[in-house]
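The structure appears below as structure tokens.
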Amino acid sequence: PKHKNLEEEKNHYVITGVKNEHGFSYEFLFKGRLAGTKKLDIDEPYLQKEQQCFNFIEFLLFYQKMILKNETSTINLTTREADEISGIYIQNEHLKNIETFVKNEKMPIKLNIEIKKGSSQMHGRKIVADNGWMFTCDRGLDIFQTWEFVKKKGYKKKNQKERCCRPILFTAVHQIE
């Protein structure tokens with residue numbers, strides 16, 4: 001992965017990746033910038049397919065390691081409603097599966113999900129943390145190639161860094177006060 005410093009890395013960085021490149025993981029992208037946070041606001045408009053939801057669960061597994069011991073973090077997730085009736089049903093099932101996973105795994109995360117109905121205006125993907133960091137990615141959390149994913153089983157390669165990624169542009173900006 002290519003990593004480009006803008007100003008100083010402590011306030012802003014950009015990571016780019018080309019199609020089928022290896023070496024990406026949520027840990028690599030976020031570089032510890034979520035450690036100790038208690039709240040994330042996530043706009044992920046395309047959380048409709050099984051693979052996209054699986055990626056979100058992998059993000060939750062990564063993020064729970066960033067939460068301080070004996071603390072709970074809140075994630076406010078906003079997504080766009082699927083376009084077709086059958087897609088809405090499938091999307092709702094996937095989102096319920098995510099909520100069940102958080103509960104069953106006893107994750108220290110309070111997950112609030114808002115589905116924007118009929119919202120074609122929602123397109124941008126971002127994560128805003130309560131420590132001043134904002135992350136944008138043109139792919140959202142859906143950075144791995146679809147052909148690496150097997151329905152009902154997950155990714156063939158469990159280690160994210162071994163998977164082929166999609167082309168991505170990831171930007172991290174710290175709001176300096």
Side-chain angles (χ1 to χ4, degrees), residues 15-21 24-30 34 37 39-64 66-67 72-130 133-158 160 163-172:
I15 298 172
T16 59
V18 297
K19 183 177 180 180
N20 296 332
E21 188 172 0
F24 287 90
S25 67
Y26 297 133
E27 188 174 320
F28 172 75
L29 293 173
F30 291 96
L34 297 178
T37 57
K39 180 182 169 198
L40 299 180
D41 293 320
I42 301 177
D43 289 349
E44 181 64 74
Y46 303 101
L47 201 51
Q48 301 169 10
K49 297 179 181 173
E50 182 182 359
Q51 178 192 4
Q52 295 163 332
C53 293
F54 191 89
N55 288 331
F56 189 75
I57 286 173
E58 283 197 336
F59 174 79
L60 293 174
L61 288 166
F62 152 75
Y63 180 61
Q64 79 173 347
M66 302 291 111
I67 300 170
T72 300
S73 290
T74 299
I75 294 179
N76 298 312
L77 170 65
T78 304
T79 191
R80 192 181 95 172
E81 185 177 62
D83 295 328
E84 302 167 7
I85 298 291
S86 61
I88 292 170
Y89 173 77
I90 292 167
Q91 179 184 37
N92 286 332
E93 286 299 309
H94 291 318
L95 294 175
K96 283 178 191 169
N97 289 342
I98 291 171
E99 290 173 321
T100 301
F101 183 84
V102 169
K103 182 180 175 186
N104 289 348
E105 294 295 314
K106 296 179 174 54
M107 292 182 151
I109 295 171
K110 181 181 181 224
L111 180 61
N112 303 312
I113 299 175
E114 178 186 0
I115 300 171
K116 297 258 185 181
K117 297 188 184 299
S119 179
S120 61
Q121 300 301 324
M122 186 180 180
H123 180 73
R125 298 163 169 122
K126 69 181 176 189
I127 297 174
V128 179
D130 64 357
W133 279 97
M134 180 177 73
F135 307 90
T136 61
C137 185
D138 55 350
R139 293 266 176 210
L141 296 171
D142 192 22
I143 63 173
F144 304 108
Q145 288 289 8
T146 55
W147 51 264
E148 292 256 2
F149 188 80
V150 179
K151 285 187 176 201
K152 307 280 187 218
K153 293 183 180 181
Y155 285 96
K156 296 173 194 172
K157 297 175 182 165
K158 299 303 178 198
Q160 290 179 350
R163 298 179 194 158
C164 293
C165 77
R166 296 175 173 196
I168 97 170
L169 175 62
F170 182 90
T171 304

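For Asn20, the side chain to side chain donor-acceptor pair (under 3.5 Å) partners at least two apart in sequence or on another chain are Gln145. For Tyr89, the ring-ring contact (aromatic ring centres under 6.0 Å, His included) test picks out no residue, with sequence neighbours left out. With sequence neighbours left out, the side chain to side chain donor-acceptor pair (under 3.5 Å) criterion links Asn76 to Asp41, Asn112. With sequence neighbours left out, the side chain to side chain contact (heavy atoms under 4.5 Å, CB included) criterion links Asp142 to Gln51, Gln52, Asn55, Arg166. Evaluation of the side chain to side chain contact (heavy atoms under 4.5 Å, CB included) rule for Ile90 yields His94 as partners, not counting sequence neighbours. Partners of Arg163 according to the salt bridge (charged side-chain N to carboxylate O under 4.0 Å, His left out) rule, which considers only residues two or more places apart in sequence or in another chain, are Glu58. With sequence neighbours excluded, no residue forms a salt bridge (charged side-chain N to carboxylate O under 4.0 Å, His left out) with Asp130. In this structure, the side chain to side chain contact (heavy atoms under 4.5 Å, CB included) partners of Ala82, at least two apart in sequence or on a different chain, are Gln48, Ile88, Gln91. With sequence neighbours excluded, no residue satisfies ring-ring contact (aromatic ring centres under 6.0 Å, His included) with Tyr63.
When all heavy atoms are compared, the tightest approach of Gln64 to Pro108 is OE1-CD, 3.8 Å.
Residue pairs meeting the salt bridge (Lys or Arg N to Asp or Glu O under 4.0 Å) criterion with at least one partner in residues 83-97, sequence neighbours excluded, are Arg80-Asp83.
The structure places CE of Met134 at 11.0 Å from CD1 of Ile127, a figure rounded to the nearest 0.5 Å. The line from CG of Leu40 to CZ of Phe135 is 8.5 Å long, rounded to the nearest 0.5 Å.
Of the possible polar contacts, none joining the Thr16 side chain to the Leu169 backbone as a donor-acceptor pair under 3.5 Å is found.
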